[in-house]
Amino acid sequence: MERKMYFEQVYDVVRSVPIGRVTTYGAIADYLALGSARMVGWALRNMSAQFDGDVPAHRVVNRLGELSGRHQFPTPEYMQLMLEQEGVKVENDRVVDFKGRFWHPGEGMDNG
DNA sequence: CAGCTGACGCATA
DNA sequence: GTATGCGCCAGCT
């Protein structure tokens with residue numbers, strides 16, 4: 001790989017999301033200062049459709065904390081189950097106390 | 001190059 | 001809350 005594809009960079013951010021926290025597409029896009037929230041979803045989808053595994057895509061939700069990407073998982077409840085088993089409560093396909101669970105890329109990082 | 005798509009986000013009515 | 005329109009930009013056909 002001479003150069004990282006856009007999604008490669010998205011993985012790096014998503015993997016940086018701590019357990020029990022969630023982030024948004026817009027936040028990732030803004031952090032990378034590339035593309036747009038739409039690109040993040042696009043990237044995650046490629047990841048989930050090609051690599052899947054190391055990247056906790058279930059910690060990425062839309063700006064309202066809605067599990068808008070649950071349909072891409074093996075099952076539409078997989079995403080919620082993952083979040084709940086990490087300590088993130090979910091109701092009506094939305095993260096409970098989303099504002100409190102929100103994590104911004106770079107938070108807690110002082111290297112870079 | 002042109003046309004279509006998509007796990008978004010914001011403004012409008 | 002629901003529906004519509006625009007901006008965004010990589011990837012596929």
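Just so we're on the same page: letters track the sequence lines, and every chain starts at 1. What you see is a predicted model, and the numbers here were worked out from it, not measured in a lab.
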Mutual orientation of the aromatic rings belonging to A/Phe7 and A/Trp42 [parallel < 30°, tilted 30-60°, perpendicular > 60°]: tilted
- request: Look at the side chain of A/Ala37 and decide which nucleotide, out of C/dG11, B/dG9, B/dG6, has an atom nearest to it.
  value: B/dG9
message: Could you go through A/Arg21 and A/Glu86, starting from their C-alpha distance and side-chain angles, then the distance that decides it, and tell me whether this counts as salt bridge (Lys or Arg N to Asp or Glu O under 4.0 Å)?
response: CA-CA 9 Å; A/Arg21 294 290 187 114; A/Glu86 293 189 350; over 6 Å; no
message: Counting only side-chain heavy atoms from C-beta out, which of B/dG9, B/dA7, C/dA10 sits nearest to A/Arg63?
response: B/dG9
field: Separation of atom CE in A/Met47 from atom P in C/dA10, rounded to whole Å
entry: 19 Å
- prompt: What nucleotide among B/dG9, C/dG11, B/dA7 has an atom nearest to a side-chain atom of A/Arg45?
  reply: B/dA7
message: Counting only side-chain heavy atoms from C-beta out, which of C/dG11, B/dC8, B/dG6 sits nearest to A/Ser68?
response: B/dC8
query: For the side chain of A/Arg38 and the base of B/dG6, is some donor closer than 3.5 Å to an acceptor across the two?
result: yes
query: Any donor-acceptor pair under 3.5 Å between the side chain of A/Tyr6 and the base of C/dA10?
result: no
query: Just how far, in rounded Å, is P of C/dC9 from CG of A/Leu32?
result: 13 Å
- prompt: What does A/Ala43 touch in the nucleic acid at a heavy-atom separation under 4.0 angstrom: a base, only the sugar-phosphate, or nothing?
  reply: nothing
- prompt: What's the CG-C1' distance between A/Asp30 and C/dC8, to the nearest Å?
  reply: 14 Å
query: Passes salt bridge (Lys or Arg N to Asp or Glu O under 4.0 Å), A/Asp93 versus A/Arg70? Steps please.
result: CA-CA 9 Å; A/Asp93 297 326; A/Arg70 65 190 146 84; 3.2 Å; yes
Length of the line joining A/Tyr31:OH and B/dC8:C1', which is rounded to integer Å: 20 Å
statement: OG1 (A/Thr24) and CD (A/Glu66) are apart, to the nearest 0.5 Å, by 12.5 Å
field: Residue that, paired with A/Val14, satisfies side-chain contact (heavy atoms from CB on, under 4.5 Å) out of A/Ile28, A/Thr23, A/Val40
entry: A/Ile28
Atom-pair distance (CZ on A/Phe7; P on B/dC8), nearest Å: 18 Å
Atom pair distance, as rounded to whole Å: CZ in A/Phe102 and C1' in B/dG9: 13 Å
task: Measure the distance from CE on A/Met39 to C1' on C/dA10 and round it to the nearest whole Å.
output: 4 Å
Atom-to-atom span, CG of A/Leu34 to C1' of C/dC8 - whole angstrom: 12 Å
message: Quick check for you: among B/dA7, C/dG11, C/dC9, whose closest atom lies nearest to any side-chain atom of A/Gln72?
response: B/dA7
